[in-house]
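Step one of this worksheet: look at the structure below.
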Amino acid sequence: MADRQALDEVVTFTSDLIRIDTTNRGGGDCRERPAAEYAAARLAEAGLTPTLLERTPGRTNVVARIEGTDPSADALLLHGHLDVVPAEAADWSVHPFSGEIRDGVVWGRGAVDMKNMDAMILAVVRAWARQGVRPRRDVVIAFTADEEASAEDGSGFLADRHADLFEGCTEGVSESGAFTFHDGTGRQIYPVAAGERGTGWLKLTARGRAGHGSKVNRDNAVTRLAAAVARIGAHEWPLRLTPTVRAALTELAALYGFEADLDDVDATLEKLGPAARLVEATVRNSANPTMLDAGYKVNVIPGEAVAYVDGRYLPGGEDEFRTTLDRLTGPDVEWEFDHHEVALQAPVDSPTFARMRAAVEEFAPEGHVVPYCMSGGTDAKQFSRLGITGYGFAPLKLPEGFDYQALFHGVDERVPVEALHFGVRVLDRFLRTA
């Protein structure tokens with residue numbers, strides 16, 4: 001069991017890590033090294049031998065291994081990223097990099113995404129060192145750079161260049177799962193991630209004939225691009241149910257006392273009410289136009305126009321995604337992947353999922369654990385190149401009205417102290433039994 005010191009340390013570590021500004025704007029100017037050195041020092045104090053690794057100066061990753069008691073057991077990867085998305089201080093109630101602890105809440109960018117989980121990992125590992133605890137299987141700990149952009153300096157670099165550090169790892173655990181979802185009727189649901197949609201960030205390019213803005217131009221690149229973007233934005237993607245989403249719908253429906261109609265998913269989602277939010281983004285592929293770039297003067301028709309689209313596709317849905325984009329863009333617009341990563345799926349009937357469920361239920365017996373698929377992506381995509389099956393499990397017990405999902409990349413990101421304490425207890429329980 002996690003001790004009192006671990007409960008104090010998880011709060012301190014979360015606050016300290018938030019105060020280290022590791023903003024990743026995607027242009028390569030992020031420097032995770034101070035946070036990596038902080039995490040490495042805490043691991044070293046626990047008797048581990050952390051390795052610091054960089055592809056680019058300042059973009060630092062930390063890897064350490066705890067040897068288990070069963071050398072024949074597969075190893076488990078426990079990972080969290082050190083970078084955060086940008087935050088505009090003027091929009092916040094407190095400074096986003098203050099790490100302020102006020103009224104039982106830790107405030108700041110990274111409080112839920114995901115310096116809280118980094119802090120939980122550090123607190124549990126240090127508690128084990130004090131208590132002389134060793135897990136059954138090897139546990140490899142990785143704190144990564146660059147997750148909020150391409151991961152090329154983080155998990156991608158580790159998977160491609162340092163695979164030996166993850167030898168024996170068959171499963172991984174990281175962010176976006178086992179948080180409290182309140183449905184408004186008193187039910188507390190704890191979704192554990194067992195899948196992710198694939199990432200297909202697209203660059204669309206239309207070319208045409210440049211000319212004067214006052215002249216007739218049937219080869220206008222902006223017009224061609226705008227038409228393609230409008231088609232993509234208006235497209236209704238068909239329903240596609242993966243095994244993880246089928247399991248999510250089935251378990252949620254049972255929780256609400258009815259049998260899921262998997263032939264009429266929309267009706268099932270409607271019956272789920274607010275709980276449909278856990279599933280509705282993962283029953284189909286999606287493509288949302290997000291950026292436009294064309295021209296330099298109002299009376300000049302440019303010869304080229306560019307747009308960017310945030311595309312996501314389900315496990316098994318990439319071929320349909322590509323074919324649909326070919327049709328929607330048409331013959332006058334080219335598209336290519338600006339960033340491309342695989343979709344993931346993990347078994348929900350595995351012993352590891354069962355142990356995660358049991359750990360949550362021990363400390364939240366009123367809760368209902370269900371599997372779900374993440375609409376976005378995590379470092380699990382890159383680690384999957386090593387044959388590692390990824391789950392989302394960063395446990396937090398949250399009060400009603402605390403919208404965890406809205407705080408991801410949102411203003412006034414924060415996490416209750418009691419939620420961090422719960423996370424340490426549940427993570428400790430799971431890792432001891434994993």
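Computed from heavy atoms alone, side chains included, the values below leave out hydrogens, waters and symmetry copies. Numbers here simply count residues along the sequence, with the first being 1. Not measured: the values here are computed from a predicted model.
Side chains of H339 and E152: no donor on one and acceptor on the other come within 3.5 Å. Side-chain contact, E37 with T60: no donor N or O sits under 3.5 Å from an acceptor N or O. For D338 and Y308, the side-chain atoms include no donor-acceptor pair closer than 3.5 Å. There is no side-chain donor-acceptor pair under 3.5 Å between T290 and D310. R19 and S15 form a side-chain donor-acceptor contact under 3.5 Å, judged by distance and modelled atom types alone.
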| So E171 and L77, side-chain contact (heavy atoms from CB on, under 4.5 Å) or not? Walk me through it. | CA-CA 6 Å; E171 295 173 310; L77 172 61; over 6 Å; no
| said: Apply side-chain contact (heavy atoms from CB on, under 4.5 Å) to residues W107 and D412 and explain how you reach the verdict. | reply: CA-CA 7 Å; W107 294 71; D412 284 346; 3.8 Å; yes
| task | Determine, step by step, whether D428 and R432 satisfy the salt bridge (Lys or Arg N to Asp or Glu O under 4.0 Å) criterion, reporting the C-alpha distance in whole Å, the side-chain angles of both residues, the deciding distance to 0.1 Å, and the verdict. | result | CA-CA 6 Å; D428 173 69; R432 285 176 187 247; 2.9 Å; yes
| task | Assess whether side-chain contact (heavy atoms from CB on, under 4.5 Å) is satisfied between I232 and L204, documenting all intermediate values. | result | CA-CA 11 Å; I232 292 169; L204 277 59; 3.6 Å; yes
| query | Under the side-chain contact (heavy atoms from CB on, under 4.5 Å) criterion, do L158 and L386 qualify, and how do the steps go? | reply | CA-CA 10 Å; L158 293 177; L386 304 178; over 6 Å; no
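When each of F402, Y404, Y190 is checked for a ring pair (Phe, Tyr, Trp, His ring centres under 6.0 Å) with F179, only Y404 meets the rule. Between Y313 and the options F321, W201, F337, a ring pair (Phe, Tyr, Trp, His ring centres under 6.0 Å) holds for only F321. With D146 as the partner, the salt bridge (Lys or Arg N to Asp or Glu O under 4.0 Å) test is satisfied by one option alone out of R55, R25, R31, R59: R59. Considering R42, R4, R130 in turn, R130 is the only one that fulfils the salt bridge (Lys or Arg N to Asp or Glu O under 4.0 Å) rule with E9.
Heavy-atom contacts from other residues, nucleotides or ligands closer than 6.0 Å to CG of D29 number more than 12. Summarising the local packing, CD of E45 is surrounded by more than 12 heavy atoms from other residues, nucleotides or ligands at distances under 6.0 Å. Counting heavy atoms of neighbouring residues, nucleotides and ligands inside a 6.0 Å radius, atom CD of E88 does not exceed 12 of them. Taking a 6.0 Å sphere around CD of E67, one finds it holds 12 or fewer heavy atoms contributed by other residues, nucleotides or ligands.
Nearest heavy-atom pair across P416 and L398 is CD-CD2, 3.9 Å. Taking every heavy atom of both residues into account, E413 and L407 meet most closely at CG-O, 3.7 Å. In this structure, A358 and R429 approach most closely via the heavy-atom pair CB-NH2, 4.5 Å. A pairwise comparison of heavy atoms in D183 and P274 identifies O-CG, 3.3 Å as the closest pair. What you find for L76 and V173 is that their closest heavy atoms are CD1-CG2, 4.1 Å. Heavy atoms only, all atoms of each residue included: M374 and S176 are closest at SD-CB, 3.3 Å.
Counting heavy atoms from C-beta outward, V424 and V124 have side chains that approach closer than 4.5 Å. Between H79 and F166, the closest side-chain pair of non-hydrogen atoms is not below 4.5 Å. Residues L328 and W335 have side chains not in contact (no heavy-atom distance under 4.5 Å, counting atoms from C-beta outward). Side-chain contact check for V125 versus L43: some heavy-atom pair is nearer than 4.5 Å. Counting heavy atoms from C-beta on, the side chains of V105 and V417 never come closer than 4.5 Å. Between N285 and T324, every side-chain heavy-atom pair lies at or beyond the 4.5 Å cut-off. The side-chain heavy atoms of E196 and E341, taken from C-beta on, include no pair separated by under 4.5 Å. You'll find the side chain of I189 reaches within 4.5 Å of the side chain of L252, heavy atoms only.
A salt bridge links R207 to E334: at least one charged side-chain nitrogen sits closer than 4.0 Å to a carboxylate oxygen. Ion pairing of R414 with D103 is absent here, as no side-chain N (NZ or NE/NH1/NH2) approaches a carboxylate O to less than 4.0 Å. Note on R65 versus E167: no salt bridge recorded, every NZ/NE/NH1/NH2 to OD/OE distance being 4.0 Å or above.
The CD atom of E366 sits 4.5 Å away from atom CD of Q188, with the distance rounded to the nearest 0.5 Å. Atom-to-atom distance recorded for N288:CG and H235:NE2 is 12.0 Å, nearest 0.5 angstrom. Between the CE atom of M117 and the CG atom of L420 there is a distance of 12.0 Å, given to the nearest 0.5 Å. Taking CZ of R137 as the start and OG1 of T69 as the end, the distance is 11.5 Å to the nearest 0.5 Å. Taking CG from D3 and CZ from R425, the interatomic distance works out to 10.5 Å, rounded to the nearest 0.5 Å. One distance of note links CG of L48 with CD1 of I141; it measures 5.5 Å at 0.5 Å rounding.
Classified by interplanar angle (parallel below 30°, tilted 30° to 60°, perpendicular above 60°), the ring pair F157/H162 is perpendicular.
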